[in-house]
Amino acid sequence: MIFLSLLVFSPLLGIMLLLFVRKTDERMIQWLGTAATVPPLILALFAFIQSGRGFRLERLDEAHDWVRLANLPFLTDAAYVIRYELSIDGLSLVFIVLTAVLATLAAAASLLVKAEKKGYFMWLLALEIGMLGVFAAANFIWFFLFLEVTLVAMFLLVGKWGGFERERAAYSYLLYNGLGSALLLVVIAVLVARTGTANFALLREMLHNPVAQGQLIAPLTEEGRHWLLGGLLLAFAVKLPAVPLHRWLIRVHVEAPPPVVMLHAGVLLKIAAYGMIRFGIGLFPDEFRTFAGVIAVVGVINVLYGALLAIRQSELKHVLAYSSIAHAGYLLAGVAAMSWAMIDSLWIYLLAYVFMNIGAFAIVAHIAHQTGSDDFDGLSGLYRHRPLLAAALGLFLLSLAGIPGTAGFIAKLYLFIGLVVTEPGHYVLAAVMAVTTVISYVYYFNLLVQLFFRPASLAPLGRLPAGLSAAVVVCALGTLVIGWMPGLAYDVLAQFGHFGDFLP
């Protein structure tokens with residue numbers, strides 16, 4: 001079947017059609033660029049629905065010969081053959097659906113982008129291809145290739161269409177993430193050289209099955225496995241990001257175009273957590289236990305650093321950026337616990353965080369666009385002339401703070417429960433996370449005071465563009481559904497498998 005290829009590469013048709021549209025025809029570019037994100041959305045939702053009805057996702061797998069890296073007489077026919085392979089399971093399907101939905105919302109929200117719209121949409125669609133491919137790749141080589149597509153696309157989108165310091169933000173992003181990619185490539189090269197394959201399923205079999213380990217072209221010592229896992233975790237830590245490798249995130253969240261920030265915060269940052277879980281725990285579960293303590297400490301540092309620095313900020317985007325660093329710490333804590341209960345809790349946390357963070361960024365982007373600034377004055381008295389907008393932003397802030405009745409509360413509750421039910425229970429880690437949650441109330445409630453209790457200091461804002469309105473509505477509904485009906489949300493996701501299903 002070519003279903004997955006169509007899903008991943010269908011935005012390419014939009015790129016090709018945009019080549020024939022005049023740069024001055026902005027209306028056609030906006031319509032065509034947004035329409036190009038619809039086919040992968042339809043295909044992703046179709047696969048999601050069919051999977052819920054019992055369709056076996058492995059029937060969609062694709063594998064075709066691509067390139068042979070070596071042709072030595074003593075090797076088997078399958079050794080060093082890199083194939084074009086796409087495959088999805090319940091874990092990757094949820095991420096693919098999330099990517100497709102956010103890509104359509106981001107394209108619709110791109111009405112805010114005015115300069116050189118044709119080039120902008122072409123790279124936005126390339127970014128979507130890279131993100132979809134990352135989650136559909138069935139071997140490390142194609143995973144890396146798709147990941148590099150996202151790197152190049154993000155660099156250009158930030159550097160060309162970003163804010164005042166866009167070039168500095170773009171090069172910072174390129175430097176940090178490029179180093180992470182280089183480290184990841186070294187790990188991939190060693191794995192392929194020692195095993196003769198880049199296929200995820202075969203790698204798992206060779207690394208875990210004593211019989212299959214005899215098929216290794218060169219042995220992998222226990223020390224070698226630890227070095228490979230350490231390199232893998234460090235590569236993804238840069239992309240998460242973990243403190244002290246986080247400075248690029250602040251610049252990107254502040255300078256990147258709002259629709260690009262939506263995709264970056266909603267999808268690209270989640271690739272790091274996805275990689276740690278699928279490859280770190282999936283390929284090296286025994287070795288991972290020796291790194292769990294370090295990961296937990298880094299998670300605590302992230303949470304404390306992000307929360308304490310957010311308190312000192314006076315600009316909305318900076319508050320949300322440091323808040324993102326703190327939330328990355330919660331993810332690291334969950335990954336460090338490494339139990340099936342904990343991994344399943346991360347599923348809900350990732351989904352909830354996407355809804356509340358994207359919704360908040362969409363509204364903050366509109367305020368910054370209207371006022372020319374993102375300091376707290378733009379929030380003052382917003383409730384008086386835009387009550388619905390203020391209510392929506394208030395909902396997202398309450399959810400980010402973890403107040404009961406919101407998705408954020410359920411996400412953190414699941415996370416804390418997962419930490420304490422593991423064996424041995426991570427009680428100290430859960431306590432530190434809970435205390436830090438209370439610290440975060442300072443900056444979130446400071447923003448709420450600005451929204452509802454301060455006099456209006458600026459002229460009334462214009463209406464929210466259609467694309468941003470759609471993003472806010474979808475995110476608000478998701479935040480409320482998870483907050484009030486967590487069992488329903490969890491049951492729906494559970495139909496498509498659990499994070500822990502692929503663990504050895």
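As the structure is a computational prediction, the values presented were derived from the model and not from experiment.
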Is any side-chain heavy atom of [X] less than 4.5 Å from a side-chain heavy atom of [Y]?
{"X": "Leu234", "Y": "Leu245", "answer": "yes"}
{"X": "Leu93", "Y": "Phe135", "answer": "no"}
{"X": "Ser110", "Y": "Leu124", "answer": "yes"}
{"X": "Leu86", "Y": "Asp61", "answer": "no"}
{"X": "Phe9", "Y": "Leu132", "answer": "no"}
{"X": "Leu447", "Y": "Leu316", "answer": "yes"}
{"X": "Glu58", "Y": "Ser87", "answer": "no"}
{"X": "Val94", "Y": "Leu98", "answer": "no"}

Can you list the residues that meet the side-chain contact (heavy atoms from CB on, under 4.5 Å) rule with Leu477, with sequence neighbours excluded?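 With neighbours one apart ignored, the set is Val473.
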Exercise for review: List in chain and number order the residues that pass side-chain contact (heavy atoms from CB on, under 4.5 Å) with Tyr441, two or more places apart in sequence or in another chain; answer none if no residue qualifies.
Suggested key: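 In terms of side-chain contact (heavy atoms from CB on, under 4.5 Å), with neighbours along the sequence ignored, Tyr441 is linked to Ala401, Ile403, Thr437, Val438, Phe445.
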- Item | Arg278/Asp89 ion pair, N-O < 4.0 Å |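 Between Asp89 and Arg278 there is a salt bridge, with a charged N closer than 4.0 Å to a carboxylate O.
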Is the backbone of [Y] close enough, under 3.5 Å, to the side chain of [X] for a donor and an acceptor to pair up by distance?
{"X": "Asn302", "Y": "Ala328", "result": "no"}
{"X": "Thr406", "Y": "Gly402", "result": "no"}
{"X": "Ser399", "Y": "Leu395", "result": "no"}
{"X": "Ser181", "Y": "Asn177", "result": "yes"}
{"X": "Lys412", "Y": "Leu400", "result": "yes"}
{"X": "Thr37", "Y": "Gly33", "result": "no"}
{"X": "Gln313", "Y": "Leu309", "result": "yes"}
{"X": "Thr150", "Y": "Leu147", "result": "yes"}

Let me have the donor-acceptor pairs involving side chains of residues 255-269, under 3.5 Å, with sequence neighbours excluded, atom names and distances please.
unit_1	atom_1	unit_2	atom_2	d
Glu255	OE1	Phe164	N	3.2
Glu255	OE1	Glu165	N	3.2
His264	ND1	His253	NE2	3.4

Between [atom1] on residue [X] and [atom2] on residue [Y], distance to nearest 0.5 Å:
{"X": "Gln50", "Y": "Leu45", "atom1": "CD", "atom2": "CG", "value": "11.5 Å"}
{"X": "Leu174", "Y": "Trp248", "atom1": "CG", "atom2": "CH2", "value": "11.5 Å"}
{"X": "Leu102", "Y": "Leu41", "atom1": "CG", "atom2": "CG", "value": "10.0 Å"}
{"X": "Ile482", "Y": "Thr479", "atom1": "CD1", "atom2": "OG1", "value": "7.0 Å"}
{"X": "Leu448", "Y": "Leu398", "atom1": "CG", "atom2": "CG", "value": "5.0 Å"}
{"X": "Tyr322", "Y": "Leu249", "atom1": "OH", "atom2": "CG", "value": "9.5 Å"}

Heavy-atom closest contact ([X] atom, [Y] atom, distance):
{"X": "Ala36", "Y": "Pro39", "answer": "O-CD, 3.5 Å"}
{"X": "Met276", "Y": "Ala237", "answer": "CE-N, 3.7 Å"}
{"X": "Pro11", "Y": "Glu128", "answer": "CG-OE1, 3.6 Å"}
{"X": "Gly280", "Y": "Leu232", "answer": "N-CD2, 3.6 Å"}
{"X": "Tyr274", "Y": "Ser92", "answer": "OH-CB, 3.8 Å"}
{"X": "Met154", "Y": "Val252", "answer": "CE-CG1, 4.1 Å"}

Residue list, ring-ring contact (aromatic ring centres under 6.0 Å, His included) with [X], at least two apart or on another chain:
{"X": "Trp142", "result": "Trp66, Tyr84, Phe146"}
{"X": "Tyr383", "result": "Phe452"}
{"X": "Tyr305", "result": "His246"}
{"X": "Tyr443", "result": "none"}

Do Tyr444 and Ser323 pair up side chain to side chain, a donor and an acceptor below 3.5 Å, judged on atom types alone?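 There is such a pair (donor and acceptor under 3.5 Å, judged by atom type) between the side chains of Tyr444 and Ser323.
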[X]: partners by side chain to side chain donor-acceptor pair (under 3.5 Å), with sequence neighbours left out:
{"X": "Thr436", "result": "none"}
{"X": "Ser10", "result": "none"}
{"X": "Asn357", "result": "Tyr353"}
{"X": "Tyr176", "result": "none"}

Do the two ring centres, one from [X] and one from [Y], sit under 6.0 Å apart?
{"X": "Phe143", "Y": "Phe279", "answer": "yes"}
{"X": "Phe140", "Y": "Phe200", "answer": "yes"}
{"X": "Tyr349", "Y": "Tyr414", "answer": "no"}

*side-chain contact (heavy atoms from CB on, under 4.5 Å) evaluation trace for Val238 with Leu179*: CA-CA 8 Å; Val238 175; Leu179 290 173; 5.8 Å; no
Worksheet entry | Worked check of side-chain contact (heavy atoms from CB on, under 4.5 Å) between Val243 and Val298 | CA-CA 7 Å; Val243 176; Val298 174; 5.8 Å; no
Note to self: Angle between ring planes, Phe416 versus Tyr330, binned at 30° and 60°: parallel, tilted or perpendicular?
What the structure shows: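 Ring orientation, 0 to 90° scale: tilted.
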Which residues pass the salt bridge (charged side-chain N to carboxylate O under 4.0 Å, His left out) test with Arg312, not counting sequence neighbours?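 Not a single residue meets the salt bridge (charged side-chain N to carboxylate O under 4.0 Å, His left out) criterion with Arg312.
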Which is it for Phe355 and Val481 under the side-chain contact (heavy atoms from CB on, under 4.5 Å) test, yes or no, and what are the steps along the way?
CA-CA 11 Å; Phe355 284 132; Val481 168; over 6 Å; no
### Derivation and outcome, side-chain contact (heavy atoms from CB on, under 4.5 Å), residues Phe396 and Phe361
CA-CA 9 Å; Phe396 298 133; Phe361 262 113; over 6 Å; no
task = Quickly, which of Val134, Leu350, Ile88 forms a side chain to side chain contact (heavy atoms under 4.5 Å, CB included) with Phe95? Name it, please.
result =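 Of all the options given, the one that passes is Leu350.
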